[in-house]
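Working notes, structure below.
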Amino acid sequence: MNKLILYCRIGFEKEVAAEISDKAAERGIFGFARVTDNAGYVVFECYQTGEADRLAREIPFNQLIFARQLIVVSDLLTDLSPQDRISPIIAQYQQLNETIKLRQSSEVRVETADTNEAKELSAFCRKFTVPLRNALKNQGWLKEREGQKCGLTLHIFFIRSNACYVGYSYNDNHSAHFMGIPRLKFPPEAPSRSTLKLEEAILTFIPREEESRRFNDTMSGVDLGACPGGWTYQLVKRGVFVYAVDHGKMAASLHETGRIEHCSEDGFKFQPPKRSKIDWLVCDMVEQPSRIAALICKWLVNGWCRETIFNLKLPMKKRYAEVRQCLQYLEDNLQKQGLNFQIQAKHLYHDREEITVHIRIKN
Ligand SMILES: C[S@@+](CC[C@H](N)C(=O)[O-])C[C@H]1O[C@@H](n2cnc3c(N)ncnc32)[C@H](O)[C@@H]1O
């Protein structure tokens with residue numbers, strides 16, 4: 001098994017390819033990315049055996065921006081017979097079991113790319129999961145309890161009903177979600193659908209066990225570009241008092257909570273109200289990414305907030321280069337100020353032509 005498959009939103013295959021090639025090269029591992037436009041995934045083939053496995057363990061999954069999932073796979077299995085797709089899959093895993101102990105696997109996911117064509121396969125994938133799981137259990141695999149932090153998840157990635165990749169991911173270095181997509185339910189009382197972006201960002205960047213410490217009713221936040229209030233809603237829901245900055249109108253339901261103050265101002269000029277301590281800054285203004293990066297940097301360097309989640313809207317071209325440049329700018333400037341910080345960025349499922357960034361200043 002010397003290949004990786006990285007899942008992504010359709011149209012972002014080139015960004016994934018550039019990112020994985022960079023991350024592999026940083027570790028002295030070389031290979032080539034096979035990119036098919038709008039496939040919803042990228043195959044990265046390493047020149048040496050064992051190196052795909054090394055990358056799947058060593059590249060921290062949370063440092064990959066554009067990949068939704070990272071799995072190690074063998075060669076594509078083709079011409080699978082509708083009468084028996086299971087035997088060739090088991091045969092592949094038997095080979096794999098010589099190097100990777102499948103006893104440690106906890107779960108099997110039968111997946112496809114997130115494209116309209118591939119979605120037609122999803123009913124088949126669901127049906128196929130049960131017999132496949134039984135066959136894997138008969139081999140003595142899938143021993144660990146589901147959701148275990150250590151161990152492996154087995155992935156079968158179908159690209160057609162008669163062709164699939166067979167592989168695995170490391171539970172401590174992958175997306176815990178089926179197809180790498182967190183399934184969130186739109187809260188009907190939220191003022192806009194973009195509320196799901198901030199909800200997914202919080203789920204992705206803030207460990208569950210820390211959520212009530214990192215967001216609570218002793219805190220204040222600022223939401224730049226807040227209207228109609230989907231992001232503010234997420235903060236208020238977690239107890240945070242919000243200064244909502246936007247010339248537009250905020251949803252009445254948010255005013256009724258008594259937990260917001262609407263500031264009809266320019267987000268680039270707004271400063272935290274005197275004598276108020278701001279814990280959180282969030283920002284969803286549609287602007288050039290470099291302008292947003294500079295604005296966020298100003299807030300952090302001035303000590304106006306300790307933690308921030310914001311979007312960088314991506315340009316049409318050179319999206320990966322632009323993202324690298326903005327993140328580098330932020331890192332360089334925060335370092336120059338001697339700040340100890342953590343930075344994470346992700347192309348979330350609910351993001352379209354944008355990525356979401358989280359920065360936390362640590363003591
Ligand atoms: C994508 S919408 C925000 C949606 C919001 N996050 C939500 O969940 O409902 C972008 C908002 O940014 C605001 N905006 C754009 N430029 C701004 C600026 N310079 N100052 C304040 N608000 C701005 C727009 O008025 C718009 O309401």
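Note that this is a predicted model, so its numbers are computed, not measured. All values below come from the heavy atoms of this structure, side chains included, with hydrogens, waters and symmetry mates left out. Whatever order the structure lists ligands and atoms in, that order sets their numbers, starting from 1.
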Can you list the ligand 1 atoms lying under 4.0 Å from a non-hydrogen atom of [X]?
X      : result
Gly230 : 7 (C), 8 (O), 9 (O)
Asp284 : 1 (C), 3 (C), 4 (C), 5 (C), 6 (N), 10 (C)
Ala226 : 5 (C), 7 (C), 9 (O)
Phe268 : 19 (N)
Gly229 : 7 (C), 9 (O)
Asp266 : 18 (C), 19 (N), 20 (N)

Based purely on interatomic distance, does [X] place a nitrogen or oxygen under 3.5 Å from a nitrogen or oxygen of ligand 1?
X      : result
Ser192 : yes
Thr195 : no
Gly267 : yes
Cys227 : yes

Measure up the Phe128 and Phe124 rings against each other and bin them: parallel (under 30°), tilted (30 to 60°), perpendicular (over 60°).
-> parallel
Check the angle between the aromatic planes of Tyr165 and Phe157 and answer parallel, tilted or perpendicular using the 30° and 60° thresholds.
-> tilted
What do you reckon, does [X] put a non-hydrogen atom under 4.0 Å from ligand 1?
X      : value
Glu265 : yes
Gly248 : no
Pro191 : no

Please determine, by modelled atom types, if Tyr233 and Glu189 share a side-chain donor-acceptor pair under 3.5 angstrom.
-> yes
For atom NZ of Lys101, is the number of surrounding heavy atoms from other residues, nucleotides or ligands below 6.0 Å larger than 12?
-> yes
Can you tell me if CZ on Arg57 sees more than 12 non-hydrogen neighbours from other groups inside 6.0 Å?
-> yes
Sort out for me which residue in Glu210, Glu211, Glu209 forms a salt bridge (Lys or Arg N to Asp or Glu O under 4.0 Å) with Arg213.
-> Glu210
Is it possible for you to check whether [X] lies under 6.0 Å from the centre of the six-membered ring of [Y], through NZ or CZ, and within 45° of that ring's axis?
X      : Y      : result
Arg183 : Phe178 : no
Arg360 : Phe341 : no
Arg319 : Phe12  : yes

Sidechain-backbone polar pair: Arg238 side chain, Gln234 backbone, donor-acceptor under 3.5 Å = yes
Within the distance-only criterion (no hydrogens, no angle test), does the side chain of Asn2 pair as donor or acceptor with the backbone N or O of Cys46 below 3.5 angstrom?
-> yes
[atom] [closest protein heavy-atom partner, distance rounded to 0.1 Å]:
atom                    : value
atom 8 (O) of ligand 1  : Ser194 OG, 2.7 Å
atom 11 (C) of ligand 1 : Asp246 OD2, 3.5 Å
atom 3 (C) of ligand 1  : Gly225 O, 3.2 Å
atom 17 (C) of ligand 1 : Met285 SD, 3.4 Å

